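Predicted model, so just to flag it, every value in this text is computed and none were measured.
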Amino acid sequence: KQEVTQIPAALSVPEGENLVLNCSFTDSAIYNLQWFRQDPGKGLTSLLLIQSSQREQTSGRLNASLDKSSGRSTLYIAASQPGDSATYLCAVRLDSNYQLIWGAGTKLIIKP
Amino acid sequence: ETGVTQTPRHLVMGMTNKKSLKCEQHLGHNAMYWYKQSAKKPLELMFVYNFKEQTENNSVPSRFSPECPNSSHLFLHLHTLQPEDSALYLCASSLGTGGLYEQYFGPGTRLTVT
């Protein structure tokens, strides 16, 4: 059974630092992996989607990597800003249908 | 805004009440989803509808009753809930149910059962 783990559950860093959020999954046979952002009172927003054949995806200050063999993905945030404060969720898709297996998220606080 | 709206945004109900959650999408999508998000737990998929037909019921208790009158609207009817049902209920939609179709989420309804 596929399980997705995100460690740490919470992280607080000063503004301007580069940081890495971690996501691990138990079954390497995934279709794709997606990172989402969740703000209080708002829904989930998709940040990056990495197909199983890809190693990384970049969007602005965000870079997501995927290592299927080790069952890990990282989300790298460069030059963090207070506006980056949110909960970041990782989800994997096992095959080509809609089922997403979710991690519990990492709550990120960027201190001004 | 993602194009998916949910009402109400907050709901407090007693265990004997009956209430309904509403979701509407303005994206022209064909598939809609209900998720439950409990504190510090992963999202749990509850129901999936594709072209108004239910394609997934993830062993959800019968006190939760979904309704999908058309591809743009999705309801979750609630009755005789338990305190452990308190959670954030998220609605999502996608163009199709294949893995290539990204899901777009609403802001959620924060439900508290007293």
Self-check item: Portion of B:Ser94 that has a non-hydrogen atom of chain A nearer than 4.5 angstrom
Solution: neither
Quiz prompt | For A:Arg61, salt bridge (charged side-chain N to carboxylate O under 4.0 Å, His left out) partners two or more places apart | solution = A:Asp84
Quiz prompt | Heavy-atom pair count under 4.5 Å with chain B, highest-scoring of A:Gln34, A:Gln38, A:Gln51 | solution = A:Gln38
Exercise. Write down the atom of A:Thr74, the atom of A:Ser65, and the distance for their closest heavy-atom approach.
Key: OG1-OG, 2.6 Å
Self-check item: Heavy-atom proximity to chain A below 4.5 Å, by part of B:Gln6
Solution: neither
Exercise. Using ring-ring contact (aromatic ring centres under 6.0 Å, His included) as the criterion, list what pairs up with B:Phe105, not counting sequence neighbours.
Key: A:Phe36, A:Trp102, B:Tyr35
Quiz item: Pick one: which of B:Met13, B:Lys18, B:Arg63 meets side chain to side chain contact (heavy atoms under 4.5 Å, CB included) with B:Leu78?
Solution: B:Met13
Self-check item: side chain to side chain contact (heavy atoms under 4.5 Å, CB included), paired with A:Leu11, selected from A:Leu21, A:Val20, A:Ile109
Solution: A:Leu21
Quiz item: Relative to chain A, which segment of B:Leu43 carries a heavy atom at a distance below 4.5 Å: side chain, backbone, both, or neither?
Solution: both
Quiz item: Side chain, backbone, both or neither: which part of A:Leu49 has an atom under 4.5 Å from a heavy atom of chain B?
Solution: neither
Quiz item: Do you know which of B:Gly108, B:Gly106, B:Ala92 has the most heavy-atom pairs with chain A at a distance under 4.5 angstrom?
Solution: B:Gly106
